[in-house]
Undergrad: 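Have a look at the structure that comes next, please.
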2 protein chains.
Amino acid sequence: MRDIEPFACCSPEVIARLETIAQRFALPSSEALPETGHGERIVFITGGAAKLIAPGTPKGHILAFQFPGDIVSISHRPEGSATLVALSELELVMFLAHEFLDAAEIDPALLRAVLVRSLDTIQRNRIRMMRLGHRTARQRVAGFLVNMGERLCGCTSGPCELDLPMGRGDIGNSLGLTIETVSRQFTELRGEGFVTTSGRSAVHIADIDALRREAGP
Amino acid sequence: MRDIEPFACCSPEVIARLETIAQRFALPSSEALPETGHGERIVFITGGAAKLIAPGTPKGHILAFQFPGDIVSISHRPEGSATLVALSELELVMFLAHEFLDAAEIDPALLRAVLVRSLDTIQRNRIRMMRLGHRTARQRVAGFLVNMGERLCGCTSGPCELDLPMGRGDIGNSLGLTIETVSRQFTELRGEGFVTTSGRSAVHIADIDALRREAGP
DNA sequence: CGATCAATTGACTTAGCTCAAAGCATGTGG
DNA sequence: CCACATGCTTTGAGCTAAGTCAATTGATCG
């Protein structure tokens, strides 16, 4: 439990209480996190990669990709709910939101840590949102790769080597583009030397700063 | 201070402390909330309407519209920062985030209330995000009007009368559409009897459920 | 009652979608 | 270890929704 960052500084009592209400999952690739009858849930990703899929959409629109360290809240309201699906061997710790919040209220520092994180998520999403609304296909794909470089390998400048856990289809879906358009953009970025690829998933970013410039302001 | 919903149940001591660190603003239309040298800020909107504009973009992309009851966190990082601009007479209460969080740590219930709200915002944004990525112009505009009906007048079904505080340009900007496309969609929805308009800002939604159906799944 | 700025409408262009056909990885059985 | 089958990925050719440019109409305010 201590390995989950916001819990690092919790008192032993709080940790113990969290242990009793936590549910751990280890999902094989492409398996979905099972629905719990009802109630909002808070999920801490501890390993692997996952996609968060919109509810009630026939095509299953991808709302976000999630990686270790991420906190995902999954509400139960019909229009707000979502499904978490493993992209690779996925490990996570799940709480019922009200149980978690009841426990966390004992430890304001924990509550604060989770709050700060979610305010951060809101900021990140705002930017993502803007991207989707106002960016060209090229900018979206470049931005996506920069994002993955940063989140998967912690690269912030210079070259970066990464393995994408999702296929072109999922990338396109999450960016609001078709699989073909994503592929064409990959080809273009490859042709201009921004990236090299080998196999389906391996991507080498020559210079993440240059790619970031392609992603636009 | 009590009029701000998450503060309703706070103890008098916490309220008193919040009073000392709160900064109140009343901005006339089209005025921007002034930058504070540095540090993250948390803003509670108490009256009027505002747009949140992306940083460092020449065109000033609109990230969100904000109304009374909304909580906005404005970070200071160069890429994450944003500007809040009044659309009508705007009233708000601003805190420096660390000061607010220090005060709120005394009252876990307050922290919890703010956290629950931000988890909610994340959900709303997810859906908004999906909209921008995967929806046609018509669906975006229909969805926008439904959203405004719900947030400005609390209408959830049946007819709805509202005054849009923003112009077509701002609507288009926030939806990733041009002013002309927004106008054409208004004309179309008007022609099909979903809405009637009078003047620039008054909109009458004949049946918000019907319009919601146009906005897609 | 003009002056001004926002909204609408029209004609044309284009980025990205659709449909369709190869080309490659990756995994399986001989 | 190689052949082949399956499902991604890439590439190509046309089409369409939305953008651009330009002109007109309509609202609002001094």
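Computed from a prediction, not measured in an experiment: that's the story for all the values here.
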Undergrad: Test your reading of the model: is there a side-chain donor-acceptor pair from A/Arg140 to the backbone of A/Leu132, 3.5 Å cut-off?
TA: yes
Undergrad: Give a yes/no answer on whether the side chain of B/Arg190 brings an N or O atom under 4.0 Å of OP1 or OP2 in C/dT8.
TA: yes
Undergrad: Just N and O in the side chain of A/Arg184: are any of them under 4.0 Å from OP1 or OP2 of D/dT11?
TA: no
Undergrad: Mind checking if A/Gly172 touches a base, just sugar-phosphate, or nothing, with heavy atoms under 4.0 Å?
TA: nothing
Undergrad: Starting at atom CG of B/Asn173, determine the distance to atom C1' of D/dG19, rounded to an integer number of angstrom.
TA: 15 Å
Undergrad: Over how many whole Å does the gap from B/Asp170 atom CG to C/dA7 atom C1' extend?
TA: 14 Å
Undergrad: Identify whether any heavy atom of A/Arg138 sits under 4.0 Å from a base atom; if not, whether one sits that close to sugar-phosphate; answer base, sugar-phosphate or nothing.
TA: nothing
Undergrad: Is any side-chain N or O of B/Ser183 closer than 4.0 Å to OP1 or OP2 of C/dA7?
TA: no
Undergrad: Please give, in whole Å, the distance from C/dA7 P to B/Leu177 CG?
TA: 15 Å
Undergrad: When you get a sec, tell me which of D/dT10, D/dC21, C/dT8 is the closest nucleotide to the side chain of B/Thr187?
TA: C/dT8
Undergrad: Is it true that A/Arg117 and A/Asp120 make a salt bridge, defined as a side-chain N closer than 4.0 Å to a carboxylate O?
TA: no
Undergrad: Please report, rounded to the nearest Å, how far the P atom of D/dC15 is from the CD atom of A/Glu180.
TA: 17 Å
Undergrad: Whether the side chain of B/Asn173 engages the backbone of B/Ile171 through a donor-acceptor N/O pair (distance < 3.5 Å, no angle test) should be reported.
TA: no
Undergrad: Would you tabulate the pairs of protein nitrogen or oxygen atoms and nucleotide nitrogen or oxygen atoms of nucleotides 25-30 of chain D closer than 3.5 angstrom?
TA:
| unit_1 | atom_1 | unit_2 | atom_2 | d |
| --- | --- | --- | --- | --- |
| D/dT28 | OP1 | B/Arg200 | N | 3.4 |

Undergrad: With under 30° as parallel and over 60° as perpendicular, where do the rings of B/Phe100 and B/Phe7 fit, or are they tilted in between?
TA: tilted
Undergrad: A/Gln185 CD to C/dA15 P: how many Å, rounded?
TA: 11 Å
Undergrad: Before accepting this row, confirm whether a basic side-chain N of the pair A/Arg24/A/Glu19 lies closer than 4.0 Å to the acidic partner's carboxylate O.
TA: yes
Undergrad: Between A/Ser183 (side chain only) and A/Ile179 (backbone N and O only), is there a donor and an acceptor less than 3.5 Å apart?
TA: no
Undergrad: So, OP1 or OP2 of D/dA17: does either fall under 4.0 Å of a side-chain N or O from B/Thr136?
TA: no
Undergrad: Counting only side-chain nitrogens and oxygens, does B/Thr181 get under 4.0 Å of the OP1 or OP2 atom of D/dA18?
TA: no
Undergrad: Return the value, rounded to whole Å, for the distance between atom CE of B/Met166 and atom C1' of C/dC5.
TA: 19 Å
Undergrad: Using whole Å, report how far CG of A/Leu164 lies from C1' of D/dT9.
TA: 13 Å
Undergrad: Calculate the interatomic distance between A/Arg135 atom CZ and D/dG19 atom P; express it in whole Å.
TA: 15 Å
Undergrad: Is it true that a side-chain atom of A/Arg168 and a backbone atom of A/Arg200 form a donor plus acceptor pair closer than 3.5 Å?
TA: yes
